[in-house]
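For the numbers below, each heavy atom of this structure counts, side chains included, while hydrogens, waters and symmetry mates do not. These figures come from a predicted structure and were not determined experimentally.
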Amino acid sequence: MRTTKKTKRLMPRKLVARTNPQSIAAEQYRTIRTNINFSTPGLDSKVILFTSASKEEGKSTTAANMAIVFAETGKKVLLIDADMRRPTLYRTFQLGNNIGLSNLLLRKGKLKQSVKASGIQNLDLLMSGQIPPNPAELLESDALDELMEEMRGMYDYVLFDSPPILSVTDSKILANKCDGTVLVVNTGKSEKVSVEKARDSLATAKAFILGVVLNNYPMTKENYYYHNYNE
């Protein structure tokens, strides 16, 4: 049976850090975890944004797996679906999306009552919530600053999975507020000019770019890396 475009979008993401923790790919996520910790020393809590230049580059898969490997160290982790236009985290973990980030930014609800258990020790989830008409305006509000401060008091790591940075302004707003940003690039799809534009957009937002994660990197006997992780 041929996989239609619609069917592909509904397929669950590959949470290899959970299903195959001894794999090469899972170990590479742990390497990224170590590099992030080295890049952000001295912070009691760390707020990190994951974005990409365009859609379907693997950023949501990367964010979810990174949340898992951070949680396995015994630290308290919150993974947030900050894409209030095209939410996906609720499908990845097969949970509801009726309450989440948008509700909190509208000051409807409390953080402790809005987060959901992931089924993985030390990892909580905050869905995007109901799709609002003005995502960018909500992210620019004081409500987000107050919410992030509350999150820092509750979690060791807060990971935001945001929309592609070249598609909407949401990621630029978040990148300016987070401690660091990870740019996810699909080597089999991304065009150099798009990656450069994404980098420039982050620079304009005064983001601290922690680094780049390469998906679909060709594997050789000498160099194993990520492969076939599509958003």
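Clustering ILVMFWY residues whenever any of their side-chain heavy atoms sit less than 4.5 angstrom apart, transitively, puts Leu105 in the very cluster that holds Leu111. Tyr90 and Leu104 fall into different hydrophobic clusters, defined by Ile, Leu, Val, Met, Phe, Trp and Tyr side-chain heavy atoms under 4.5 Å apart, directly or through other members. One hydrophobic cluster holds both Val213 and Leu210 under the rule that ILVMFWY side chains link at heavy-atom gaps under 4.5 Å. Hydrophobic clustering of Ile, Leu, Val, Met, Phe, Trp and Tyr side chains at less than 4.5 Å, counting indirect connections, unites Leu159 with Leu15. The same ILVMFWY cluster, assembled from side-chain heavy atoms under 4.5 Å apart, contains both Val115 and Phe160.
Between Leu174 and Leu144, the closest side-chain pair of non-hydrogen atoms falls below 4.5 Å. In this structure, Met151 and Val47 have side chains that are not in contact, with every pair of non-hydrogen atoms separated by 4.5 Å or more. At a threshold of 4.5 Å between non-hydrogen side-chain atoms, the residues Leu123 and Ile68 count as touching. Taking the side chain as every heavy atom from C-beta outward, Ile32 and Met66 approach each other to under 4.5 Å. Here the side chains of Arg30 and Pro21 are in contact, with some heavy-atom distance below 4.5 Å. With contacts defined as side-chain heavy-atom distances shorter than 4.5 Å, the pair Arg86/Asp83 qualifies. Contact of the Arg85 side chain with the Asp170 side chain is registered, since non-hydrogen atoms from C-beta on lie closer than 4.5 Å.
The backbone N or O of Phe50 sits less than 3.5 Å from a side-chain atom of Ser162, completing a donor-acceptor pair. Between the Asp81 side chain and the Pro87 main chain, no donor and acceptor come within less than 3.5 Å of each other. Not a single donor-acceptor pair under 3.5 Å links the side chain of Ser52 to the backbone N or O of Val184. The backbone N or O of Ala205 lies less than 3.5 Å from a partner atom in the side chain of Asn176, making a donor-acceptor pair. In terms of modelled atom types and a separation under 3.5 Å, the side chain of Asn20 and the main chain of Val16 share no donor-acceptor contact. The backbone N or O of Pro164 sits nowhere less than 3.5 Å from a side-chain atom of Ser54 that would complete a donor-acceptor pair. The backbone N or O of Asn186 sits less than 3.5 Å from a side-chain atom of Glu57, completing a donor-acceptor pair. In this structure, the side chain of Thr31 engages the main chain of Glu27 through a donor-acceptor pair within 3.5 Å.
The distance from the CG atom of Leu183 to the NZ atom of Lys59 is 11.5 Å, given to the nearest 0.5 Å. Here Ile165 contributes atom CD1 and Thr204 contributes atom OG1; the two are 8.5 Å apart, rounded to the nearest 0.5 Å. Between the CD atom in Gln28 and the CG atom in Leu214 there is a gap of 10.5 Å [rounded to 0.5 Å].
Across all non-hydrogen atoms, the minimal contact from Lys75 to Asn122 is O-CB, 3.2 Å. Residues Ala117 and Leu95 come closest through the heavy atom pair O-CD1, 3.8 Å. When every heavy atom of Pro163 is checked against every heavy atom of Thr51, the shortest pair comes out as O-OG1, 2.9 Å. The two residues Ala198 and Ala53 have their closest heavy-atom pair at CB-CB, 3.8 Å. Minimum interatomic distance between Ala26 and Val69 (heavy atoms only, all atoms of both residues): O-CG1, 4.3 Å. The shortest heavy-atom contact between Ser60 and Thr88 is OG-OG1, 3.9 Å.
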Note to self: Using the rule given for side chain to side chain contact (heavy atoms under 4.5 Å, CB included), can you reason through Gln113 versus Ile99, listing the C-alpha separation, both sets of side-chain angles and the distance that settles it, and then say yes or no?
What the structure shows: CA-CA 9 Å; Gln113 287 72 44; Ile99 297 175; over 6 Å; no
Checklist line | Chi angles and distances behind the side chain to side chain contact (heavy atoms under 4.5 Å, CB included) call for Ile48, Asp179 | finding: CA-CA 6 Å; Ile48 303 164; Asp179 298 324; 5.6 Å; no
Note to self: Run the side chain to side chain contact (heavy atoms under 4.5 Å, CB included) test on Phe93 and Ile120 for me, step by step, so that the C-alpha distance in whole Å, both residues' side-chain angles and the decisive distance to 0.1 Å come before the verdict.
What the structure shows: CA-CA 10 Å; Phe93 287 87; Ile120 298 170; 4.3 Å; yes
Validation: residues 124-136 side-chain donor-acceptor distances under 3.5 Å, sequence neighbours left out:
from, atom 1, to, atom 2, distance (Å)
Asp124, OD2, Tyr155, OH, 2.7
Ser128, OG, Asn97, OD1, 3.4
Ser128, OG, Asn97, ND2, 3.3

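Heavy-atom neighbours of Lys197 NZ from other residues, nucleotides or ligands within 6.0 Å: at or below the threshold of 12. Other residues, nucleotides and ligands contribute only 12 or fewer heavy atoms inside 6.0 Å of the CD atom of Glu191.
Contacts classified as side chain to side chain donor-acceptor pair (under 3.5 Å) and involving residues 32-45 (residues at least two apart or in different chains) are given here: Arg33-Glu72, Asn37-Lys46, Asn37-Tyr157, Thr40-Lys46.
One finds no salt bridge joining Glu196 and Arg199 here, because no Lys/Arg side-chain nitrogen approaches an Asp/Glu carboxylate oxygen to under 4.0 Å.
In summary, of the residues considered (Asp161, Leu101, Leu79), a side chain to side chain contact (heavy atoms under 4.5 Å, CB included) with Leu89 occurs for Leu79 alone.
Among residues two or more places apart in sequence or in another chain, the salt bridge (charged side-chain N to carboxylate O under 4.0 Å, His left out) test is passed with Glu146 by Arg107.
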